[in-house]
2 protein chains.
Amino acid sequence: MADKDRKNSKISLSEVAKEAGVSKMTASRVLRGHGGYSEKTRELVMKKVDELGYLPNRLATVFAGDQSSTFIGVSIPDLGNEVFAQVLEGIDRKLGAFGHQSVLGLTQHTLEEEEAWIKTVLSWQPAGLILTGRYHSPRAIEMLKGAGIPVVEIWDLNSSPLDISVGINHFDSGFDMGRYLTGCGYTRIGYVGTSHDTANAASTRLDGFCKAVEGSGGNVTRQLCLHDTATYYTGFYGTEQLLLSSPGVECIYYQNDAMAFGGLQYVSSKGMDVPGDIGIAGWGDLPIASVLQKRLTSCHVPHLKIGQVAAEMMLARLSGEPVQACRDIGFHLIPGTTVRHEDS
Amino acid sequence: MADKDRKNSKISLSEVAKEAGVSKMTASRVLRGHGGYSEKTRELVMKKVDELGYLPNRLATVFAGDQSSTFIGVSIPDLGNEVFAQVLEGIDRKLGAFGHQSVLGLTQHTLEEEEAWIKTVLSWQPAGLILTGRYHSPRAIEMLKGAGIPVVEIWDLNSSPLDISVGINHFDSGFDMGRYLTGCGYTRIGYVGTSHDTANAASTRLDGFCKAVEGSGGNVTRQLCLHDTATYYTGFYGTEQLLLSSPGVECIYYQNDAMAFGGLQYVSSKGMDVPGDIGIAGWGDLPIASVLQKRLTSCHVPHLKIGQVAAEMMLARLSGEPVQACRDIGFHLIPGTTVRHEDS
DNA sequence: AAGCGCTAAGTTACCCGTAACGTAACAGTT
DNA sequence: AACTGTTACGTTACGGGTAACTTAGCGCTT
């Protein structure tokens, strides 16, 4: 109303000091509690801090010393399904518990977005960066190297990381499923997933999957929904497309469990039996799998843990502890009951 | 290897200027592109910027002038289900498109966590704050008022917000469902949700729901899973608990669609027919509802849009445009086919 | 040729904390 | 009484960039 005079002027340390009748430095010492002041002075300063509602300006602190900020830049492709939402939750909870803040970047699966985000976030002098994926633009890599801060690449395990890598081997996880499904006797197999311009972990899984299937004499029909989000409806719709174009498919492998559930709903709606008429396999062992009546054939991946471990390694790195460069979190195949079994 | 000499020394503007043989100020002008330099000088400076890989230090910029940062603090209770993940996605996409960065805080549904987070994030001089929920601790409110920056409270519409409020009226949305279900002839109704120490939007919905049901002579049996995440398994398990303790319940209202789906799976596994033996109603119209064979009785809420609008209002506020204090995004009830209908 | 206006630059001061250093006052030692 | 050590402060400089002001240099007018 009447407070158009000026913007709510921030209270600075100098003002607190002046009010308390001491020097800036003394006030600073009191606030940091490292000693060098009398109890009387401490009370005086703290009283003024309360009265004036002083909040420290961490920008100035970072600026003053060479101490780095407590920001950690975190890039995530999207939050459209539970996969990365859980990874992010794991990261932020851990970082938050240790006084760090995540600066989020949703890079939409493109290297250009990632590069632009890296450039911006580096200008805020973050203490470190956590990036999803092992692929980055050349300029991004240059900036990351020049920044001189810890970089954790998560998700897609990278044996020669920029700095630190935490995740699983997606090729192997796809390969294992390929071998498992061919082992179950399937040869005409479909794949339903999404597609982006850039290679990513999902396409690596598909590569591993195809290698295994084709190595066993089977073949894979791909149904890629371009630029779609890998969630329920995409799986439903992609399944419809796939079955219309390739009616002979005996089993479908999905990019993740959410899409697999969508597919499951589609084939059920058409009166098909699973696994009698068609096999369904997902990936990720997402929360939804815990309530389905059939155990979804899938691959268990500890999403939350990947985030947590990534954050832990970042924190260890920041406190100067030695950190292994490459940390395989591991996965395991869940045979489930949505594909027919070898012995049936 | 051999670069243990010093930490990767950052290139500063002074160094660029020195290399280019101009003053800091001229280099600054070139980089900001506001004119006041010759084309020759521009080329000279930009060449050195490229050569040295100079990245501006935005901390210093914020520090120097009274211009604020491009940080927006965003507090979200959790990412355990799709509700807030979508809200966050809406916020970050919009903010990111306008050159702002989200500094995330997962406040785990507690006011203490929120207060601690607000204190920390304010010390980084953010341009604004987006908070989930209308309830904050007294100290938090004090800090928010003292900060003099825009604050958008989202999710739970607040007719007298601290600054700006964007969301829906959760009481009404619960009330409407209560009226709808009693209108369908249900009187012994169950509720399955999660519970936290603090009042939140879900408890407000429950209040509205109970008022409507009890006003129509029905009664509500609550099954609250303490401190659990509101997702599939919690709905599954909560339904089991509820039906064991109150076998006469005819219809169950869930905190959200994910929990409702969990409940749907539980009752199906027990051979119960929906809506023949029991009615199921969810909330949120989450993505999973799009692939179910029965249309889930629910309440459509545009999660992504709430995030987007919140971000838009923040951006408008930051650019000095007039902004309405209270923006109702609205919801609508989805009758669905998982409860029996009035005319049946 | 003096005067004016404009552009392209340089100079200075400042933002807010902190490190490093300086110093006054007092206690304890010999 | 002179010296040393400690405590409790104050002073100064600094970090990276920008606003505001100053100055140099050039072309144009009259």
Side-chain angles (χ1 to χ4, degrees), chain A residues 6-46 48-49 52-70 120 122-126 147-148, chain B residues 6-46 48-49 52-70 120 122-126 147-148:
Chain A
R6 242 179 318 167
K7 52 165 57 184
N8 203 306
S9 53
K10 300 267 173 63
I11 312 297
S12 77
L13 187 62
S14 325
E15 290 174 72
V16 172
K18 202 195 297 171
E19 286 284 315
V22 299
S23 74
K24 250 178 21 169
M25 201 54 224
T26 297
S28 172
R29 279 189 273 248
V30 168
L31 278 161
R32 280 174 301 147
H34 288 335
Y37 49 85
S38 65
E39 177 57 21
K40 210 181 71 188
T41 307
R42 198 194 66 82
E43 276 171 25
L44 205 69
V45 171
M46 292 312 284
K48 290 298 169 187
V49 164
L52 300 170
Y54 169 73
L55 276 181
N57 181 341
R58 299 273 278 114
L59 249 51
T61 306
V62 171
F63 201 56
D66 1 43
Q67 38 180 151
S68 65
S69 74
T70 54
T120 304
L122 280 181
S123 75
W124 291 109
Q125 320 295 115
Chain B
R6 242 178 318 168
K7 53 165 58 183
N8 205 309
S9 52
K10 300 265 174 63
I11 312 297
S12 77
L13 186 62
S14 325
E15 290 173 71
V16 173
K18 202 195 297 172
E19 286 284 315
V22 299
S23 74
K24 243 173 36 162
M25 200 55 224
T26 298
S28 172
R29 278 189 274 250
V30 168
L31 278 160
R32 280 174 302 150
H34 287 337
Y37 49 84
S38 65
E39 177 57 22
K40 210 181 71 189
T41 307
R42 197 193 67 81
E43 276 172 22
L44 204 70
V45 172
M46 292 313 283
K48 290 297 171 187
V49 164
L52 300 171
Y54 169 74
L55 276 181
N57 182 341
R58 300 274 278 113
L59 248 53
T61 307
V62 173
F63 196 58
D66 0 45
Q67 39 182 148
S68 63
S69 75
T70 53
T120 304
L122 280 181
S123 75
W124 291 109
Q125 319 295 113

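So you know, we letter chains A, B, ... as the sequences are listed, proteins then strands, and number each from 1.
The side chain of A/M25 lies closest to D/dG10 when the candidates are D/dG17, D/dG10, D/dG16.
With respect to B/K18 and B/E15, no salt bridge is recorded, no charged nitrogen being found less than 4.0 Å from a carboxylate O.
Contacts between residues 27-45 of chain A and DNA chain D, counted as heavy-atom distances below 4.0 Å, involve A/R29, A/G36, A/Y37, A/S38, A/T41.
With a cutoff of under 4.0 Å to any heavy atom of chain B, the contacted region of DNA chain C is bounded 5' to 3' by C/dA8 to C/dC16.
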| field | Steps toward side chain to side chain contact (heavy atoms under 4.5 Å, CB included) verdict (A/V62, A/W124) | value | CA-CA 11 Å; A/V62 171; A/W124 291 109; over 6 Å; no
| said: Determine whether A/V49 and A/V30 satisfy the following criterion, side chain to side chain contact (heavy atoms under 4.5 Å, CB included), listing intermediate values before the conclusion. | reply: CA-CA 10 Å; A/V49 164; A/V30 168; over 6 Å; no
| query | Going through the distances and angles, do B/N57 and B/F63 end up as a side chain to side chain contact (heavy atoms under 4.5 Å, CB included)? | reply | CA-CA 10 Å; B/N57 182 341; B/F63 196 58; over 6 Å; no
| message | Assess the residue pair B/T61 and B/R58 against the criterion (side chain to side chain contact (heavy atoms under 4.5 Å, CB included)); give the C-alpha distance rounded to whole Å, side-chain angles, the decisive distance to 0.1 Å, and a yes or no. | response | CA-CA 5 Å; B/T61 307; B/R58 300 274 278 113; 4.1 Å; yes
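Atom CG of B/L59 and atom C1' of D/dT18 are 15 Å apart (whole Å). Protein atom CZ of A/F63 is 7 Å distant from nucleotide atom C1' of D/dG17, rounded to whole Å.
Remark: B/R42 CZ to B/T26 OG1 distance equals 14.5 Å, nearest 0.5 Å. Here the CG atom belonging to A/L122 is positioned 8.0 Å from the NZ atom belonging to B/K10, to the nearest 0.5 angstrom. Rounding to the nearest 0.5 Å places OH of B/Y37 at 10.0 Å from CZ of B/R32.
Put simply, the side chain of B/Y54 does not reach to within 4.5 Å of the side chain of B/V45, judged on heavy atoms. The side-chain heavy atoms of B/V16 and B/L31, taken from C-beta on, include no pair separated by under 4.5 Å.
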Name the pairs: protein N/O against N/O of nucleotides 23-26 of chain D, kept only if under 3.5 Å.
none

